[in-house]
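Order of the sequence lines fixes the chain letters, A, B, ..., with proteins taken first and strands second; residue numbering starts at 1 for each chain. Below, all heavy atoms of this structure are taken into account, side chains as well, without hydrogens, waters or symmetry copies. Just so we're clear, the structure is a prediction, and the values are computed from it rather than from any experiment.
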Protein chains: 2
Amino acid sequence: MVTLTRSEEDHLKAVYALLQDGESAFTKDIAARLNTKASSVTDMLKKLAEKGFLKHEPYYGAKLTAKGTAHALTLVRKHRLWETFLVERLSFGWDEVHEVAEQLEHISSPKLVDRLDDYLGNPRFDPHGDPIPDRQGKLRVRKTKRLDTCTTGDTVRIAAVSETTDGLLRLLDSKGLRIGSVLTVQELHAFDGSMDVKPKSGAAFSLSKDVSHHLQVESN
Amino acid sequence: MVTLTRSEEDHLKAVYALLQDGESAFTKDIAARLNTKASSVTDMLKKLAEKGFLKHEPYYGAKLTAKGTAHALTLVRKHRLWETFLVERLSFGWDEVHEVAEQLEHISSPKLVDRLDDYLGNPRFDPHGDPIPDRQGKLRVRKTKRLDTCTTGDTVRIAAVSETTDGLLRLLDSKGLRIGSVLTVQELHAFDGSMDVKPKSGAAFSLSKDVSHHLQVESN
DNA sequence: AATAAATATTAGACGAGACTAATAATCGGA
DNA sequence: TCCGATTATTAGTCTCGTCTAATATTTATT
């Protein structure tokens, strides 16, 4: 059983994050994501290729092997489980857990991860609405995405609300939004992450990032 | 605010563990504890002295400064809180938590530690009966020690039972032991950690390590 | 198609943290 | 007290992961 250093794991995860399909991950993008230089990334890609976690096609980026994908999924699993723990049990805000989870995901103890999973009730999605791989590394995909990941012109139906705070629910209610509502994204405001949406029937209005972030929607 | 690497923290903790009073910690003992070589330890001691965490008197070992002690206590705090979490919440055995806690104690996030402390109900002692430093780094010392740390001839009074399992309580009851019972250690069996004890009134009998480990006693 | 711009790789350096081997200091026994 | 044994330090080397600078390859532009 080959083990990876923290840096190797970081690179592997960056590659995984950049892919999300069969595409290649490019050196400069990995470097940007990790705040390092391209030359450092090249070195790491060679090492990871050596160890069988990915294929490195010089000048054409990297793609993961089955082994690499499997390992990346264990990292994603750990990251998302810890985020869930921090938010649900330790009352962290969903926007302040990332860097701590970034550290926790490198803790190596299969027993710990599985116990944590059970302790949390085997959650399927983390506080951000992203799916948590199961013990076998299977991602239970949800055909939905978060409203804040949609782009102008998308028409979608609200499928779930990932945080059931009174405040949020009342706010949605006041706008006439509920599970099943259909709406179209009219405009995105980059500077604060808010978006203007128009319900199928009725006038358009604005939703803050805090709100759109918690709305799981499916394409209509 | 100076931050320490994992290795620096490990050395600092080793020094702290070897002291427990004003004595010096010696190079070879630190090396033995960390599974490294004496020369590596010397290098680290110099570096830690440089940073003001300890005084290094060449050939005469190291002693902690106030700053060093304070930092070591934050590590001890984290270690014991995580052990408590692992045992009380994730059902780890008290004998299998050490190495995982060894990793977790290096996670750097003051907020995380304090939240975890609250989540666990601000426990005063970890699953091994060792005191957990509070937010200010104060150790709330207990004048008691665990029965399994006693030696032949000690006469002590049972002050507390650190694990309140039905099984353990029934076992103690069947032996006629309860809070306040006074007993003398007659013999220690190194090969299994068991000990023979004699109650003030009554015949001697044997206690396994599993039992003596959970009995907090005070000198009589 | 030629060349400039962007990106990637290679080569060489460096600091951190470990090691081995050589040297120095302290300790303990005759 | 002297000398060997123990322990500590220093000197020099190695690996890892990063960097910068130089070179190579791909891409985009004219």
How long is the line joining CG of A:N35 and P of D:dT18, in whole Å? 12 Å

Spacing of B:D29 atom CG relative to D:dT6 atom P, expressed in whole Å: 15 Å

Short side-chain N/O contact from A:H56 to OP1 or OP2 of C:dT9, under 4.0 Å: yes

Would you kindly give the CG-to-C1' distance between B:D43 and D:dA11, to the nearest whole Å? 10 Å

Within this structure, what is the CD-to-P distance between B:E50 and C:dG15, rounded to whole angstrom? 15 Å

Salt-bridge criterion met for A:K37 and A:D43 (N-O under 4.0 Å): no

Which part of the nucleic acid, if any, lies within reach of B:S40 when heavy atoms closer than 4.0 Å are counted: base, sugar-phosphate only, or nothing? base

Using whole Å, report how far CZ of A:F26 lies from P of C:dA6. 17 Å

To the nearest Å, give me how far apart NZ (B:K37) and P (D:dT15) are. 18 Å

If I compare all heavy atoms of A:A62 with all of A:L19, which pair ends up nearest, and what's the gap? O-CD2, 4.1 Å

Check the angle between the aromatic planes of B:F85 and B:Y119 and answer parallel, tilted or perpendicular using the 30° and 60° thresholds. tilted

Any salt bridge linking A:D10 with A:R33? Criterion: basic side-chain nitrogen under 4.0 Å from a carboxylate oxygen. no

Testing C:dT9, C:dC19, D:dA8 for proximity to the side chain of B:S39, the answer is C:dC19

Taking side chain as C-beta onward, heavy atoms only, is A:M195 less than 4.5 Å from A:L147? yes

Looking at every non-hydrogen atom in both residues, tell me the closest pair between B:S109 and A:V100 and how far apart they are. OG-CG2, 3.8 Å

Using atom NZ of B:K28 as one end and atom C1' of D:dT9 as the other, report the distance to the nearest whole Å. 16 Å

Between atom NZ in A:K46 and atom C1' in D:dC16, what is the gap in whole Å? 15 Å

Give every pair of a protein N or O atom and an N or O atom of nucleotides 25-29 of chain D that lie under 3.5 Å apart, one pair per line with the distance.
unit_1: D:dT25; atom_1: O4'; unit_2: A:Y59; atom_2: OH; d: 3.4

One pair to check against salt bridge (charged side-chain N to carboxylate O under 4.0 Å, His left out): B:D114 and B:R77. What are the steps and the verdict? CA-CA 10 Å; B:D114 292 344; B:R77 172 169 160 80; 2.9 Å; yes

Which nucleotide, D:dC19, C:dA18, D:dA8, lies nearest any side-chain atom of B:T42? D:dA8

